[in-house]
Amino acid sequence: MRSRATVPPWAARVYGRWRKRRTAWFATGICVAVAVLICMPLLMIPGGSLMDGAEMNRILAPILGDGKDFAIWHLLPFYPTVSHFYRLLIESPAFYQLFWNTVGMTAVILLGQLVVGLPSAWAFAAFRFRGRDFLFGLYVVLMLLPFQVMLLPQYIVLQKLHLYNHPAAVILPAIFSTFPVFIMYRGFTQIDAEILEAARLDGAGEWQIFIRIGLPLGRMGIQAAMVLSFLEYWNLVEQPMAFLEEQATWPLSLYLPQIGIGQAGFAFALAVMVLIPALFVFALGQDVLEEGIAYIGVKT
């Protein structure tokens, strides 16, 4: 009988490496295709902000007319112009008013979440008291509830407090949000209990332990919570739309829906200006956000 031919060891190694590389290339290709598909709307914004009115109307005519055809979009404009940015930054004083409204709301919310959320997260992580698990479970349930469920109760409470149509109607519920408490709590739980007990045995008070041990060792969770909160509240839409009526109190996120469809280029320019601060904060806090999420997820 003829013996079965054997594959040389070097050929088996080459084939194994080729299979691994082929699998890696295939997985990379799928990830890149999905990423491009997800990011395509974002990639369309800069080009749309530089298109003149005639080019924009020609592209959008198939869907804005009888709606029986598809728009053929191109990422780069044929005749670029900065007229939309000039109109937005020079001829639209409402943009600056709503921009500073957004900055003020976001800053107050983040500061309030630090003042309210930090002690709450530290209490859940560092102390054991009766009803702690039930109270923390209630926090988690509140975190999972969508805004639509809480809309009517919040509206009634704000009406009773005479805060409707006031920026506090958006700021106060956001300050007492449970999501940053949960993120900071997961960061504090990474601190070894032995360290806290050793500090107490050495005579350190609870305030000293919180300042000198809790804040430095839990900073990843704190920073991750602040970055996530900024990205959420900078683009807040539903709460201002429900609780604010006067345009003078609106954040910038409500200015975009007020632009007519015939001003698509102007809307793209505004979208670029809204995205710049969020992208800037994300770029600065990307490493902190990734490390913080990995850090708080060790014991999740």
Chemist: Less than 4.5 Å apart, side chain to side chain, heavy atoms only: is that true for Phe188 and Ile222?
Modeler: yes
Chemist: Can you tell me how far CG of Leu215 sits from CE of Met184, rounded to the nearest 0.5 angstrom?
Modeler: 10.5 Å
Chemist: Take Gln263 and Arg87, measure what side chain to side chain contact (heavy atoms under 4.5 Å, CB included) needs, and give me the verdict at the end.
Modeler: CA-CA 11 Å; Gln263 308 178 62; Arg87 177 186 169 192; 2.5 Å; yes
Chemist: Can you list the other members of the hydrophobic cluster that holds Phe78, where links are side-chain heavy atoms under 4.5 angstrom apart?
Modeler: Tyr79
Chemist: Do Glu246 and His166 have side-chain heavy atoms sitting under 4.5 Å apart?
Modeler: no
Chemist: If every non-hydrogen atom of Met105 is compared with every non-hydrogen atom of Pro251, which pair is closest and at what distance?
Modeler: SD-CB, 4.3 Å
Chemist: For Phe268, what residues pass the ring pair (Phe, Tyr, Trp, His ring centres under 6.0 Å) criterion, not counting sequence neighbours?
Modeler: Trp73
Chemist: Please name the pair of heavy atoms, one in Ile191 and one in Gly218, separated by the smallest distance, quoted to 0.1 Å.
Modeler: CD1-N, 4.4 Å
Chemist: Under 4.5 Å between side-chain heavy atoms, chaining through other members, with only Ile, Leu, Val, Met, Phe, Trp and Tyr counted: pull out the rest of the cluster around Ile38, sorted by chain and number.
Modeler: Phe26, Ile30, Val34
Chemist: In terms of heavy-atom contacts, does CG of Leu201 have more than 12 from other residues, nucleotides or ligands at under 6.0 Å?
Modeler: yes
Chemist: Which residues pass the side-chain hydrogen bond (donor to acceptor under 3.5 Å, both in side chains) test with Glu245, sequence neighbours left out?
Modeler: Tyr164
Chemist: When the side chains of residues 206-214 are checked against the rest of the protein, which donor-acceptor pairs come out under 3.5 Å, sequence neighbours left out?
Modeler:
unit_1, atom_1, unit_2, atom_2, d
Glu206, OE1, Arg200, NH2, 3.3
Glu206, OE2, Arg200, NE, 2.7
Gln208, OE1, Gly205, N, 3.0

Chemist: Could you work out, with side-chain hydrogen bond (donor to acceptor under 3.5 Å, both in side chains) as the rule, every residue matching Ser92, not counting sequence neighbours?
Modeler: none
Chemist: Any non-hydrogen side-chain atom of Met40 less than 4.5 Å from a side-chain atom of Val36?
Modeler: yes
Chemist: Between atom CG of Leu172 and atom OG of Ser177, what is the distance when rounded to the nearest 0.5 Å?
Modeler: 13.0 Å
Chemist: Report, one line per pair, each donor and acceptor closer than 3.5 Å where one atom sits in a side chain of residues 108-129; sequence neighbours left out.
Modeler:
unit_1, atom_1, unit_2, atom_2, d
Gln113, OE1, Ser229, OG, 2.8
Gln113, NE2, Ala174, O, 3.0
Ser120, OG, Val116, O, 3.0

Chemist: Within a strict 4.5 Å, meaning less than it, do heavy atoms of the Gln239 and Leu244 side chains meet?
Modeler: no
Chemist: If Ile, Leu, Val, Met, Phe, Trp and Tyr residues are connected whenever their side-chain heavy atoms lie under 4.5 Å apart, and connections chain through other members, are Ile59 and Leu76 in the same group?
Modeler: no
Chemist: Do you know the tightest heavy-atom contact between Phe230 and Pro277?
Modeler: CE2-O, 4.0 Å
Chemist: Could you walk me through whether Tyr233 and Val170 pass the side chain to side chain contact (heavy atoms under 4.5 Å, CB included) check?
Modeler: CA-CA 10 Å; Tyr233 294 109; Val170 177; over 6 Å; no
Chemist: Check whether any side-chain heavy atom of Leu236 lies under 4.5 Å from a side-chain heavy atom of Thr102, and answer yes or no.
Modeler: no
Chemist: For the residue pair Asn165 and Phe243, establish whether any side-chain heavy-atom pair is separated by less than 4.5 Å.
Modeler: no
Chemist: Donor-acceptor pairs under 3.5 angstrom involving side-chain atoms of residues 41-53: please list them, not counting sequence neighbours.
Modeler:
unit_1, atom_1, unit_2, atom_2, d
Ser49, OG, Pro46, O, 2.6
Asp52, OD1, Glu55, N, 2.9

Chemist: Quick one: name the residues clustered hydrophobically with Leu284, using the 4.5 Å side-chain heavy-atom rule over I, L, V, M, F, W, Y, and just say none if it's on its own.
Modeler: Phe280
Chemist: Do any pairs count as a ring-ring contact (aromatic ring centres under 6.0 Å, His included) and have a residue in residues 86-119, sequence neighbours left out, and if so which ones?
Modeler: Phe99-Trp234
Chemist: Enumerate, atom names and distances included, each donor-acceptor pair closer than 3.5 Å involving a side-chain atom of residues 136-158, sequence neighbours excluded.
Modeler:
unit_1, atom_1, unit_2, atom_2, d
Gln148, NE2, Glu238, OE2, 2.9
Tyr155, OH, Gln159, NE2, 2.8

Chemist: With a 4.5 Å limit on heavy-atom distance, are the side chains of Leu254 and Leu98 in contact?
Modeler: no
Chemist: Which heavy atom in Pro167 sits nearest to a heavy atom in Thr249, and how many Å separate them?
Modeler: CD-CG2, 4.3 Å
